[in-house]
Amino acid sequence: MTQIINTDLGMVGLGLRREMLDELLMHVPKQVDFMEVAPENWLKLGGRFKKQFKALTSANSFACHGLSLSIGSTAPIDIEFVKSLKKFFDEHDVKIYSEHLSYCSGTGHMYDLMPIPFTLEAIAHVVPRIKQVQDILGRQIAIENVSYYAAPGQKMSELAFTNAILEQADCKLLLDVNNIYVNSVNHGYDAEAFLTGLPTQRIAYGHVAGHYNEADDLIVDTHGADVIDPVWQLLDKAYQTHGVFSTLLERDFNIPTINVLTKELDIIHNLQAKYLDKSLIKQRA
């Protein structure tokens with residue numbers, strides 16, 4: 001299988017939203033090494049939006065982060081959808097495709113990311129589905145550790161569940177640092193222990209984002225606020241533990257101007273710079 005994972009060290013990315021189009025078409029700041037989109041939001045667009053998107057993908061590196069593959073669903077994988085993704089990736093030279101370790105469909109589509117039970121049975125169900133998608137696309141995909149608010153039927157830890165799927169499916173990991181922090185508060189586990197227990201060699205790239213504190217013991221992963229200090233500290237720990245990996249900032253609403261977002265991109269660059277000495281970089285297979 002061809003591997004088209006972009007593992008360049010020290011790259012910093014920004015999640016592209018349509019609200020940002022006009023600014024980014026005029027000027028992409030030097031802090032932005034690559035951008036990421038949800039392919040579902042762009043696959044069927046024509047006219048002005050399609051031309052604008054093509055202008056950006058022709059001049060910049062892009063990743064795709066999917067929303068509706070529903071890798072944990074009991075419904076069959078939508079093969080025609082995956083084939084349309086392959087065509088889209090080829091058209092826009094998409095470097096990497098990631099999806100959530102969750103599901104969002106059954107007899108209908110819920111437009112939300114629901115947790116997969118942490119069980120051996122779920123692993124046996126999810127692994128061949130990931131392999132099927134990788135076979136159709138002809139490339140490895142990255143699976144993201146997701147935020148979740150309930151763990152129905154749990155028989156093993158989230159970490160053991162995640163690592164088993166990564167290994168058995170031979171896929172990559174999209175390491176979402178904010179999700180680790182959110183889950184550690186909501187479910188009462190050690191964020192650093194989870195982080196250090198992930199396989200370095202599987203990391204394709206990472207995400208950071210902001211969230212909303214509903215209560216002292218309940219955080220909602222909104223992507224609608226600035227990244228907080230404990231999440232930056234956890235990203236620092238991630239680089240210290242796993243070496244520097246490309247990292248993208250997500251912002252889905254309450255979106256400020258690009259000049260404001262670049263301040264957070266500067267923080268990622270500065271954290272990466274601490275560990276870019278060759279003696280500190282972990283060698284990944």
Side-chain angles (χ1 to χ4, degrees), residues 2-69 78 80-100 111 133 136-142 144 172 174 176 204-210 223-224 226-227 245-269 272:
T2 302
Q3 181 173 333
I4 319 177
I5 300 294
N6 189 339
T7 56
D8 289 348
L9 294 167
M11 293 182 70
V12 175
L14 178 64
L16 172 64
R17 305 297 179 258
R18 290 186 200 173
E19 296 91 331
M20 304 174 184
L21 265 178
D22 290 341
E23 283 189 276
L24 289 173
L25 283 166
M26 291 178 60
H27 172 65
V28 176
K30 68 181 188 305
Q31 292 93 334
V32 179
D33 299 316
F34 71 105
M35 284 177 267
E36 177 193 80
V37 294
E40 293 87 343
N41 293 336
W42 300 87
L43 267 171
K44 297 181 179 180
L45 286 182
R48 177 171 62 92
F49 280 130
K50 183 176 182 178
K51 291 179 181 178
Q52 290 176 326
F53 184 61
K54 183 60 177 177
L56 283 175
T57 61
S58 296
N60 300 275
S61 293
F62 266 78
C64 277
H65 185 46
L67 299 172
S68 63
L69 186 61
D78 187 339
E80 292 307 311
F81 170 66
V82 179
K83 289 180 178 178
S84 71
L85 289 178
K86 180 177 174 61
K87 181 179 179 181
F88 182 79
F89 299 159
D90 291 343
E91 179 182 358
H92 296 285
D93 192 24
V94 171
K95 303 300 184 183
I96 180 171
Y97 170 55
S98 61
E99 249 289 357
H100 302 81
Y111 297 100
V133 172
I136 296 170
L137 292 177
R139 64 168 78 184
Q140 283 180 301
I141 67 173
E144 181 188 44
K172 291 290 185 177
L174 168 51
D176 193 305
Y205 70 117
H207 276 176
V208 289
H223 302 173
D226 294 345
V227 180
F245 49 86
S246 297
T247 305
L248 179 131
L249 174 68
E250 294 183 290
R251 190 65 175 256
D252 290 344
F253 69 99
N254 296 329
I255 299 175
T257 63
I258 297 298
N259 287 338
V260 173
L261 290 174
T262 55
K263 295 177 181 178
E264 291 192 298
L265 299 180
D266 283 334
I267 295 175
I268 301 174
H269 278 291
Q272 289 179 341

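No side-chain heavy atom of E99 sits less than 4.5 Å from a side-chain heavy atom of V133. Considering only heavy atoms from C-beta on, M35 stays 4.5 Å or farther from L248 through its side chain. The side-chain heavy atoms of V82 and L69, taken from C-beta on, include a pair separated by under 4.5 Å. For the pair I96/Q140, no side-chain contact is recorded, criterion being any heavy-atom separation below 4.5 Å from C-beta on. Using a 4.5 Å heavy-atom threshold, the side chains of L85 and V94 count as separate. Considering only heavy atoms from C-beta on, S61 stays 4.5 Å or farther from D33 through its side chain. A 4.5 Å side-chain heavy-atom check between S58 and D93 finds every atom pair outside the cut-off. Taking the side chain as every heavy atom from C-beta outward, L14 and I258 approach each other to under 4.5 Å.
Between the side chain of E264 and the backbone N or O of V227 there is at least one donor-acceptor pair closer than 3.5 Å. No side-chain donor-acceptor contact under 3.5 Å links H100 to the backbone of L67.
Note: Q31 CD to I267 CD1 = 11.5 Å, rounded to the nearest 0.5 Å. Once rounded to the nearest 0.5 Å, the distance linking CG of L43 with NZ of K87 reads 10.5 Å. For the atom pair CZ (F53) and CZ (R18), the distance works out to 10.5 Å, reported to the nearest 0.5 Å. The OG1 atom of T247 sits 10.5 Å away from the OH atom of Y205 when rounded to the nearest 0.5 Å. The line from NZ of K30 to NE2 of H269 is 8.5 Å long, rounded to the nearest 0.5 Å. Going from atom NZ of K83 over to atom CG of D78 covers 10.5 Å, rounded to the nearest 0.5 Å.
Across every non-hydrogen atom of S98 and H65, the tightest pair is OG-ND1, 2.7 Å. The two residues R251 and D226 make their nearest non-hydrogen contact at NH1-OD1, 3.1 Å. Scanning both residues, A55 and L25, for their nearest heavy atoms gives CB-CD2, 4.1 Å. Closest heavy-atom contact between M20 and L261: CE-CD1, 3.8 Å. Between S246 and Q272, the shortest heavy-atom distance links the atoms CA-NE2, 4.3 Å.
The six-membered or imidazole ring of F88 lies away from that of F62, with a centre-to-centre distance of 6.0 Å or more.
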*Given side-chain contact (heavy atoms from CB on, under 4.5 Å), test H92 with W42 step by step and report yes or no.*
CA-CA 11 Å; H92 296 285; W42 300 87; over 6 Å; no
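Legend: residues meeting salt bridge (charged side-chain N to carboxylate O under 4.0 Å, His left out) with D266, ordered by chain and number and at least two apart, are absent. With sequence neighbours left out, E19 forms a side chain to side chain contact (heavy atoms under 4.5 Å, CB included) with R17, I255. The side chain to side chain contact (heavy atoms under 4.5 Å, CB included) test applied to K50 returns E91, not counting sequence neighbours.
A side-chain donor from one of E250 and H207 sits under 3.5 Å from a side-chain acceptor of the other.
In the displayed structure, K54 atom NZ is contacted under 6.0 Å by more than 12 heavy atoms of other residues, nucleotides or ligands.
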